[in-house]
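Reminder, nothing fancy here: chain letters follow the sequence lines and each chain counts from 1.
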2 protein chains.
Amino acid sequence: MRQTIMIIEDDPHIVSLLAYVFEDEGYSVLSSATAEEGWDLICTQQVDLVILDINLPGIDGLQLCNRIKEHMVLPVIMLSSRDKDDDVISGLELGADDYIKKPFNHREVLLRAGNLLKRAPERDETLLVTTGDLMIDLTKERVSRSGTVLELTPIEFSILRTLAESLDRIVSWQVICSEVWGSRDWEGGHELVKVNIRRLRKKIELDPSEPVYIMNAWGRGYRLLKLEYADSL
Amino acid sequence: MRQTIMIIEDDPHIVSLLAYVFEDEGYSVLSSATAEEGWDLICTQQVDLVILDINLPGIDGLQLCNRIKEHMVLPVIMLSSRDKDDDVISGLELGADDYIKKPFNHREVLLRAGNLLKRAPERDETLLVTTGDLMIDLTKERVSRSGTVLELTPIEFSILRTLAESLDRIVSWQVICSEVWGSRDWEGGHELVKVNIRRLRKKIELDPSEPVYIMNAWGRGYRLLKLEYADSL
DNA sequence: ATAACAAGAAACAAAACAGTAACAAATAGT
DNA sequence: ACTATTTGTTACTGTTTTGTTTCTTGTTAT
């Protein structure tokens, strides 16, 4: 899903420059010359980030920023030619996430925007764990690999959740046992985990005999590896 | 719980100004004039945010930022007198979360720091011990040398952890025994430690017959030496 | 220098462990 | 009640780890 940048700025040159830069990087761009129109667009369209000039005719950028922050969770970058510290400060105090002074370098804008967007999705979807091509949605209890949904049984999912909650850290079979089955007579616990790990691997690993996600740490337990994602979804 | 700001900056005036400002707002402050010392503090102390000068003697701020971002989740604000766009950009590209140019307004620094901390409320509990090219991640239970992961057995790791927790100090074989095996009949304990130290060295030392990391203190025990890092990762 | 002792090295067997498969019991859907 | 799926149990195999022993090398103190 492409992310959308909303540019609110009355200087058409700046708008077209920014639009060009962001579209070139694969973003969708919306723009508006006034705060009023911008607000309407923000409310009706799917917007992921707002770039907002301080100097606007009518309602100014600071007021709009304030309004945005009161009503929604949405990153805002303020833009200003005024070089006074006061503006930076009032902008940030009103909740702006970043502040860039004109004239700006377009690479800097891109990077700062990217920075904010990187962080944004983790905020509301805190319960999504990803590693490599694997996506584990702990809220919806759904697991997918490269987009295709994997059907896990309750116990399989429960084990995967336990591992995902300690992503990249080793989880002993004792911990898995207590997380998945609650208190349980420990006899056979080790075996149980072994067998179910195998069943889980059969479903989530491309080649279960050469596991990539669930790795064994000899004598210590299992670890769901944190992998950087390949560029496929 | 008070949040801790780490300031890495070689100009003592700036350090004391920032320290004053942040402490006044209720933060705890740690500081260091060099990247090396700063890194050690970040690894061993609970730090929530780093303010990092670009110009530092020895290893510079950009390199340290890079290293931090590779190993932990921790917001970084770069600080620089250089006003060139290139610096801003390379700082942000290396993963810095924000960038402030000197001279700065102290309110602005506070607000930007507050912004980052708001977003990253959970403290990443990375307990990292480094010496030379060795990295021992006590949280993830993972050891790497120059970036490559070393596979240690439970006992090997347990010994290394014991030594790492007393970095640069001598640990007797009695202490190793009780840390690794718990209470144990002491017969053969000395031999056990000897053999397993050897096994450990075989894996972590480049040349096990010429150990660099784990040194023997004759008649007293072993010591994991604290080495300054080569600039290789 | 040399005895006394600590540490390094190598080899071996026992124990612990992970992976695998097959099968029985429990559970849910029809 | 019957079938399919899920879950628990047991058994087997090959591998890795670990404790023990023995021998060699190196260090310290007399």
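Atom CG of Leu192(A) is separated from atom P of dA24(C) by 18 Å (rounded to the nearest Å). For the pair Glu156(B) CD and dT16(D) C1', the interatomic distance rounds to 11 Å; values are reported in whole Å. Atom P of nucleotide dT5(D) and atom NZ of Lys203(A) are separated by 11 Å, given to the nearest angstrom. In this structure, the CD1 atom of Ile176(B) is 10 Å from the P atom of dA7(C), given to the nearest Å.
For residues 150-169 of chain A, the set of pairs meeting the ring pair (Phe, Tyr, Trp, His ring centres under 6.0 Å) definition, not counting sequence neighbours, is empty.
Every side chain to side chain contact (heavy atoms under 4.5 Å, CB included) that Val15(B) has, sequence neighbours left out, goes to Ile7(B), Glu9(B), Ser31(B). Shown here are the side chain to side chain contact (heavy atoms under 4.5 Å, CB included) partners of Val195(A), two or more places apart in sequence or in another chain: Arg199(A). Residues meeting the side chain to side chain contact (heavy atoms under 4.5 Å, CB included) test with Ala19(A), sequence neighbours left out: Val29(A). Applying the ring-ring contact (aromatic ring centres under 6.0 Å, His included) criterion to Tyr213(B), with sequence neighbours excluded, gives no partner residue. Residues satisfying the side-chain hydrogen bond (donor to acceptor under 3.5 Å, both in side chains) criterion with Ser209(A), sequence neighbours excluded, are Asp207(A). Applying the side chain to side chain contact (heavy atoms under 4.5 Å, CB included) test to Glu151(B) and every residue at least two apart in sequence or in another chain returns Val149(B).
Each of Asn196(A) and Thr153(B) was matched to the nucleotide of DNA chain D holding its nearest heavy atom; the match closer to the 5' end belongs to Asn196(A).
The rotation axes computed at either terminus of the helix from dA1(C)-dT30(D) to dT30(C)-dA1(D) lie 40° apart, taking five pairs at each end and rounding to 10 degrees.
Atom CZ of Arg220(A) is surrounded by more than 12 heavy atoms from other residues, nucleotides or ligands within 6.0 Å.
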Which pairs, protein N/O on one side and nucleotides 18-22 of chain C N/O on the other, fall under 3.5 Å?
unit_1, atom_1, unit_2, atom_2, d
dA18(C), OP2, His190(A), NE2, 2.5
dA18(C), N7, Lys194(A), NZ, 3.2
dG19(C), OP1, Arg201(A), NH1, 3.1
dG19(C), OP2, Arg201(A), NH1, 3.4
dG19(C), OP2, Tyr222(A), OH, 3.1
dG19(C), N7, Lys194(A), NZ, 3.4
dG19(C), O6, Lys194(A), NZ, 2.7
dT20(C), OP2, Arg198(A), NH1, 3.1
dA21(C), OP2, Arg198(A), NH2, 2.4

